Every structure is written in structure tokens, then in C-alpha cells.
Number of protein chains: 2
Amino acid sequence: MLVGVPYHHGDLRRALLDTALLAVAEHGPAALSLRDVARRAGVSHAAPTHHFGDKAGLLTALATEGWTLLADALTESAEQNRSFAELGVAYVLFATTHPAHFAVMRAPGLVRGDDAELVAAQQRAGARLDAGAGRHDGGATSHTATTVLAAWSLVHGLSALLLEGMVSPEPGTDVATLARSVTTRLSPRS
Amino acid sequence: MLVGVPYHHGDLRRALLDTALLAVAEHGPAALSLRDVARRAGVSHAAPTHHFGDKAGLLTALATEGWTLLADALTESAEQNRSFAELGVAYVLFATTHPAHFAVMRAPGLVRGDDAELVAAQQRAGARLDAGAGRHDGGATSHTATTVLAAWSLVHGLSALLLEGMVSPEPGTDVATLARSVTTRLSPRS
DNA sequence: ACCCCATCTTTCCATTGACAAGATCCGCCC
DNA sequence: GGGCGGATCTTGTCAATGGAAAGATGGGGT
């Protein structure tokens, strides 16, 4: 019906992902409306269905993208810095600079947790944490497992508290220093 | 008003809360349907409106109840046990034994975060953590603040990872020992 | 030139949250 | 003890949503 607008969008899939990201940033993943995303992207309300199947499909695609970005961020941090604590800081910084992605990543009921690409992206990010923890306490792998868990819990929890608004950095300080003050509390050995 | 049996249904408000809890446990807070709750409770689809205003009202009431229960659990743990690490274990145990409450508690977009009773209940639980941390590192309060934050992040994160299904205890061990192995990694001084 | 098919639209339906107005029943006060 | 006020619950209605079905469009391969 809309004359002058090309029938075939250039890259509608990416446009929908970006639009959805904006909507999630505004009202959270739970309140995401497919029709609203379609409206903002200037397409019919059924266009997203073709690319993502349903709402869970769209959110799963966003979550997968998020885990991939997180894995990239952790990789970059590991290459620049030898410290395990800094890896945790990178985790928290990712969460606060990509709040929409992170919100979708930890919305279990809204995402298809058994999606193949999702699981692969999660494992890619998890491997980065494992590698960092291995350097942290050189020793036994069984000990390293709980090191990873403690570190992951710590940074995941801090990220969650920040995004849920339960905690915010003191005026004058930034998220990075707040995260650093917390991650350095983890003792390598118990 | 009406301390006894409020007219037709016994105590509809409590019945709706309990029913909503079941629904949340099954499909998460985001998928909660007011009409479904009303159906299960055997009342008309508009009955919940009178008690909670709207969907956010119902979830806010559940979140408030959850924070109150958490404060109670932390209080009980503090009375029985002097260890700060055990307070963290109690936090994680609360999250895993009341998954529906905990899920609603950390669903920021679905709950009215500025509700007076909600905020009061949150602060009551927070005060319990503060008290425990104060005993942990007797010293300067500015140092204690980051101790609380680190501990809270740790147990909040572990709870989240457990409920999101990203982590589960090894076969043969339970959540408590898993939590203990993690909370004991927190060094009292950095 | 032709046809296949991925892409996008239009139409339709059941469900949902919210509101308005009416019905039902309780406790209270005279 | 009888009506009155108000809390509790129901019925009716509306716009919006997610999803399915079927049609329109045009790009690209043969």
C-alpha cells in the first residue's frame, strides 16, 4: 500500500533486531510487542514472523547476539590484560553498556533455551571465563570449577543488581571502579 | 474491615496470590495472565482488579511478600548461626525454595518499584545483610559497604544462575553445599 | 522469457488487560 | 429488625496483541 517504499526491505532482519533492542531498552523484554517493533520498522505486523517465527524467536536471536558480543568483549579484555579481576570488570561493563542485550540474555522464560546457536554462543562466552580462571589459580581443575562459579556469580549478580536498580555507583565514580572494588574481593584459594 | 470471612469466597486476596504463585512457577512472571489466575481461583475475570488494581499491582504484592519472607529467613539464619557465609547460604536457599517469589522480586519492569510497602520490605531485608556484614569485618564502615555489595552480588548472582538454569549442583550434592563452597571464597579484607 | 520461492501484506481469530456498570451480600446504625 | 452504605464480585465491552492462513510482489536462477 505504501507507494514509494520498496517492497523488499534491504536488511529487514537486522532492522527488526535493532528496533527490538530499542524497545527492550525502553520497557524491558517482557513488554516487547511484535506489532510495535513492526510499526517502528515501517513494515506490516506480520513481517517479523517470517524472520523469527514468533516473539520467542526474536528474543532468542537477540540473546544469541548478546552472548556473542559478550564473548568478544571478554576475549578483547583477556588479550589486553592478564588480571582475572579485570575479566570480571569487563563482564560488568558489557552488562551496563549493553543493557538490552543483557536483559534478554537472562530472561529464561522468554527465550528458547535449547536453541542451537544460543547454546553455542553461551558456551563460547563460558569458555572465556574458564580460561581466565585457569590462569588465576594455576592448580587443580576441580578447584578451578568453583573459582569460575564464584567469579561468574559475583559479576553476574553485580550486573543484575545494577540493571535492576538495586545498586548504583557513588556519584563521582564509575561502574568500572565499582566493579573492580568488588571483583578484587575474590580470594583465589579458599 | 471484615476480619472474619469476607463474604463469598473465604479470602480471595490470599487465594489469588497463591494461585498467581503457582502460575509464576510454571511459566514465569512475564507470562502471567490475570484472567488465567481468576479462572483457576474460580472467580470472574475482573475479580483481581478490585484487590490489586492491575497486573503490576498483583506482582508488586507478590514481590513485597517475597522480600518479607527473605528478611524473615535471613533473620532466622542470623539467630542460629554467627557466620556471614551462612547468611549467604540462607539467601541462596531462599531463592531456590521460593523460586516464584524470587523471580517476581527481580522482575523490575513488571513491578511498581516505587510502591511504599515494597520499598519497606526491601529495606528490611537489606538491613539484615548489613548487620551480618558488620560482624564479618568489624572495621571501617566504608569498607563494610563494599563487603555487603560483594556478598550480595555473589549470592544474588548464584541464585540467578541457578534459577536461570545456567548452573546446577553436581549430582549427589545439594544447593546448600554448592552455595557454601562459593560464599567461603569471599575474603573479608581486600 | 519463465517460473520458483523468499519476502512482505492483508485478513482473520482467540486471548488478554482494563474499564464501566450492574448485581450481591456484609456490617452497622437507628 | 430493617433498611442503608459500601465492599466485594460479575457481566459486558473495547482496543491491542500474538499468531495462523492465504494472497501479493518481485528477485534470481534456468
Side-chain angles (χ1 to χ4, degrees), chain A residues 1-24 26-63 104 107-112 115, chain B residues 1-24 26-63 104 107-112 115:
Chain A
M1 273 311 167
L2 301 174
V3 280
V5 175
Y7 198 89
H8 283 298
H9 194 284
D11 188 355
L12 182 56
R13 182 186 162 90
R14 172 98 311 259
L16 290 173
L17 286 174
D18 291 339
T19 307
L21 232 30
L22 289 178
V24 169
E26 290 175 16
H27 303 110
L32 184 73
S33 158
L34 278 184
R35 289 171 113 101
D36 179 53
V37 170
R39 258 192 305 271
R40 298 202 207 187
V43 293
S44 87
H45 66 87
T49 299
H50 181 260
H51 289 278
F52 303 104
D54 58 0
K55 185 149 79 166
L58 207 186
L59 289 170
T60 302
L62 279 183
V104 177
L110 303 173
V111 167
R112 265 191 282 276
D115 181 87
Chain B
M1 56 181 162
L2 25 100
V3 181
V5 183
Y7 143 63
H8 213 60
H9 183 285
D11 188 355
L12 183 56
R13 181 186 161 92
R14 171 99 314 258
L16 290 172
L17 287 174
D18 290 339
T19 307
L21 232 30
L22 289 178
V24 169
E26 290 175 16
H27 303 110
L32 184 73
S33 158
L34 278 184
R35 289 173 113 99
D36 179 53
V37 170
R39 259 193 303 272
R40 299 204 208 186
V43 292
S44 86
H45 65 85
T49 299
H50 182 259
H51 288 278
F52 304 104
D54 57 0
K55 185 148 82 166
L58 208 187
L59 290 171
T60 302
L62 279 182
V104 176
L110 303 174
V111 167
R112 266 192 282 276
D115 181 87

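These numbers come from a predicted model, not from an experiment. Here is the naming used below: chain letters follow the sequence lines, and residue numbers restart at 1 for every chain.
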query = What are the two closest heavy atoms between B:Val24 and B:Pro29, and how far apart are they?
reply = CG1-N, 3.9 Å
remark   = All heavy atoms of B:Val111 vs all of B:Val104, minimum pair found to be CG2-O, 3.8 Å
What donor-acceptor contacts under 3.5 angstrom involve side-chain atoms of residues 46-59 of chain B, with partners at least two apart or in another chain?
from	atom 1	to	atom 2	distance (Å)
B:Asp54	OD1	B:Gly57	N	3.0
B:Asp54	OD1	B:Arg112	NH2	3.1
B:Lys55	NZ	B:Leu32	O	3.0

inquiry  = Under 4.0 Å, counting only non-hydrogen atoms across every strand here, what does B:Leu58 touch: a base, just sugar-phosphate, or nothing?
reply    = nothing
request  = Please work out if B:Arg13 contacts a base, only the sugar-phosphate, or nothing of the nucleic acid, heavy-atom cut-off 4.0 Å.
outcome  = nothing
[X] has an atom [atom1]; how far is it from atom [atom2] of [N], in whole Å?
{"X": "B:Leu59", "N": "C:dG17", "atom1": "CG", "atom2": "P", "value": "10 Å"}
{"X": "A:Asp36", "N": "D:dT17", "atom1": "CG", "atom2": "P", "value": "7 Å"}
{"X": "B:Leu34", "N": "D:dT10", "atom1": "CG", "atom2": "P", "value": "14 Å"}
{"X": "A:Arg39", "N": "D:dA15", "atom1": "CZ", "atom2": "C1'", "value": "11 Å"}

ask   = Counting only non-hydrogen atoms, which of residues 47-55 of chain B are less than 4.0 Å from DNA chain D?
value = B:Ala47, B:His50, B:His51
Checking contacts here: which listed nucleotide ([options]) is nearest the side-chain heavy atoms of [X]?
{"X": "B:Arg35", "options": "D:dT13, C:dA20, C:dT9", "result": "D:dT13"}
{"X": "B:Ala46", "options": "C:dG17, D:dA21, C:dC19", "result": "C:dC19"}
{"X": "A:His45", "options": "D:dA21, D:dT17, C:dC12", "result": "C:dC12"}
{"X": "A:Ser44", "options": "D:dA20, C:dT9, D:dT17", "result": "C:dT9"}

ask   = Does A:Ser33 place a side-chain N or O at less than 4.0 Å from the phosphate oxygens OP1/OP2 of D:dG18?
value = yes
message = Run the side-chain contact (heavy atoms from CB on, under 4.5 Å) test against B:Arg35 and tell me which residues pass, sequence neighbours left out.
response = B:Ser33, B:Arg39, B:His45
